[in-house]
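Heads up: the structure comes next, in structure tokens.
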Number of protein chains: 2
Amino acid sequence: MTTEQEFLDSYDPSAYPALAVTVDVVALTIRDGDLHVLLVTRGAPPFAGHRALPGGFVRDEPLAAAAVRELAEETGLHPGEGELARLHLEQLASYGDPERDPRMRVVSVAYLAFAPSLPDPRAGSDAAAAAWVPVDSAGALAFDHAAILAAGLERARAKLEYTPLATAFLGDRFTIGELRAVYTAVWGEELHAGNFHRKVLSVPGFVESTGETTARGGERGGPRARLYRAGDAKLLHPALLRPSREEGVR
Amino acid sequence: MTTEQEFLDSYDPSAYPALAVTVDVVALTIRDGDLHVLLVTRGAPPFAGHRALPGGFVRDEPLAAAAVRELAEETGLHPGEGELARLHLEQLASYGDPERDPRMRVVSVAYLAFAPSLPDPRAGSDAAAAAWVPVDSAGALAFDHAAILAAGLERARAKLEYTPLATAFLGDRFTIGELRAVYTAVWGEELHAGNFHRKVLSVPGFVESTGETTARGGERGGPRARLYRAGDAKLLHPALLRPSREEGVR
DNA sequence: TGAATAGTGTCTATAAGACATTATCGT
DNA sequence: ACGATAATGTCTTATAGACACTATTCA
């Protein structure tokens, strides 16, 4: 209870009940115009057969490295390889309710990842039970993972407002229309094409022109679109605010 | 390495190296117009004699409860008692670099607290070494606490933009001038009094009038000010943006 | 009386959003 | 030819910020 006692305790961790630290990852990507999250199907109790966020125990490594490692294992890709090299990863929050895991006290550090469209997890790897699932079809998840997913989605929606991270869902070159498709998928709202176009170009450092255009127009017609790459801005100023933000204000 | 192996491991935590979880609290308050943070002076190695954020090991309790408990111990106040009852507490981030504590692997969950002006920590309590320190005078801190404090300050500055949490630094009734003093203390920038006044009143749900005024004018003259209390808004719309946000955008 | 503060009014520049328009491409 | 999309133009309204101004109170 006293400060000195704490110092003593700190040298004797076995005086405390066993406690584990895990990382769980909310990995988001966009497929076919819809926002998807990477989920695994648990093969053992508790919650056997339920879907869960990919994650696992932290080893002798930084927390973010554990998140990247788990993600790489579940997708069958290697960190720094191919599309995983362009991954955006940020810490989301930590969850440590004593009852959140029925086996023992587990504190989980959740991470949020934005990925360009990735292939399906490789069959035969650790990731046999992993799949990209539309976020609207995630359903019930193991442990408190539904709450973690909800927090990740809300964070992602907010981040698109004031950061250029929407580009993290795209390749290194993209059209304004593709960028708008990211916003509509994450926010779940249609955006006015013309206003969005002008606004994106008016924010300093959001995108920069490559001088190129697409090789051909859209599948259903339309002119060739100019290609852009991500700019050097870390924050959008002014921000792109969501249309419907009156709800939830009170 | 495989998913099944993880399930087995999860039942045998002793297979993993000893690991501790702590909470550290960035507790902010405003005294004499300046932003202060609660710091303790360490009495034992490592970092003996250095200042540090208040914190300690997590017990059989939720993480937020551990943060409140540590804060109560250091200030000598009891949770839910007096000013501590009005405390705003939110999770900040977790810090788990393997080298951040020289003794052992410690993962710390940092919390951020906004408090109305609190008394000095009680002499004779656990808090004998605790004190409110102006954030500009914090200097070097033990472990990675300087980085945690910096993250807390940035979070606080950002939160004041789009939430009504500035009122968490004030009593249950306050003037617009007192609210403006919170903003100038946290942001470190002067705000135009007239524009601030009109803007605060124009944001729905930020403050609501009590119909009362202060008993007397300012110490150096001026009329009596109307008294307000916090409104029911959870988000400010439109937000109060910091004047200088061009820097750090790139 | 003078200085400081509360609160309001006015004006300008910027930004958001609704809507229209033109050009280019695929089918 | 037709429909779809890219990109730009126009107009209205809301907001931010600079500045001026009046009223009230304390020293």
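The model shown is predicted, which means the values in this text are computed figures rather than measured ones.
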Scan the side chains in residues 174-182 of chain A for donor-acceptor partners under 3.5 Å anywhere in the protein, sequence neighbours excluded, and list what turns up.
{"from": "A:Thr175", "atom 1": "OG1", "to": "A:Gly177", "atom 2": "N", "distance (Å)": "3.4"}
{"from": "A:Thr175", "atom 1": "OG1", "to": "A:Glu178", "atom 2": "N", "distance (Å)": "3.0"}
{"from": "A:Glu178", "atom 1": "OE1", "to": "A:Thr175", "atom 2": "N", "distance (Å)": "2.9"}

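Contacts of B:Ser137 classified as side chain to side chain contact (heavy atoms under 4.5 Å, CB included), with partners at least two apart in sequence or in another chain: B:Val133, B:Pro134. Applying the ring-ring contact (aromatic ring centres under 6.0 Å, His included) criterion to B:Phe169, with sequence neighbours excluded, gives B:Phe114. Scanning for ring-ring contact (aromatic ring centres under 6.0 Å, His included) contacts around B:Tyr111 gives an empty result, with sequence neighbours left out. Residues meeting the side chain to side chain contact (heavy atoms under 4.5 Å, CB included) test with B:Arg220, sequence neighbours left out: none. Take A:His145 and apply the ring-ring contact (aromatic ring centres under 6.0 Å, His included) test, not counting sequence neighbours, and it matches A:Phe143.
Among pairs with a residue in residues 184-198 of chain A, those fulfilling side chain to side chain donor-acceptor pair (under 3.5 Å) read A:Glu189-A:Ser244, A:Asn195-A:Arg198, at least two apart in sequence or across chains.
Put simply, CZ on B:Arg180 is 15 Å from C1' on D:dG17, counting in whole angstrom units. Per the geometry, CD belonging to B:Glu190 stands 14 Å off C1' belonging to C:dT5, to the nearest Å. Distance, B:Leu241 CG to D:dA14 C1': 14 Å, rounded to whole Å. Between B:Tyr183 atom OH and D:dG17 atom C1' the separation is 17 Å, expressed in whole Å. A straight line from CG of B:Leu191 to C1' of C:dT5 spans 16 Å, rounded to a whole angstrom. Rounded to whole Å, the distance from CG on A:Leu179 to P on D:dA6 is 12 Å. Nucleotide D:dG17 holds its C1' atom 13 Å from the CG atom of B:Leu240, rounded to whole Å. When the C1' atom of D:dT10 is taken as reference, atom NE2 of A:His197 falls 17 Å away, rounded to whole Å.
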Going 5' to 3' through nucleotides 19-27 of chain D, assign each nucleotide B (protein heavy atom under 4.0 Å from a base atom), S (under 4.0 Å only from sugar-phosphate atoms) or - (no protein heavy atom that close).
-> B----BBSS
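Of the N and O atoms on the side chains of B:Thr29 and B:Ser117, not one donor lies less than 3.5 Å from an acceptor on the other residue.
Residues of residues 162-171 of chain B having a heavy atom closer than 4.0 Å to DNA chain D: none are found.
Using a 4.0 Å cut-off between a side-chain N of Lys or Arg and a carboxylate O of Asp or Glu, B:Arg226 and B:Glu212 do not qualify as a salt bridge.
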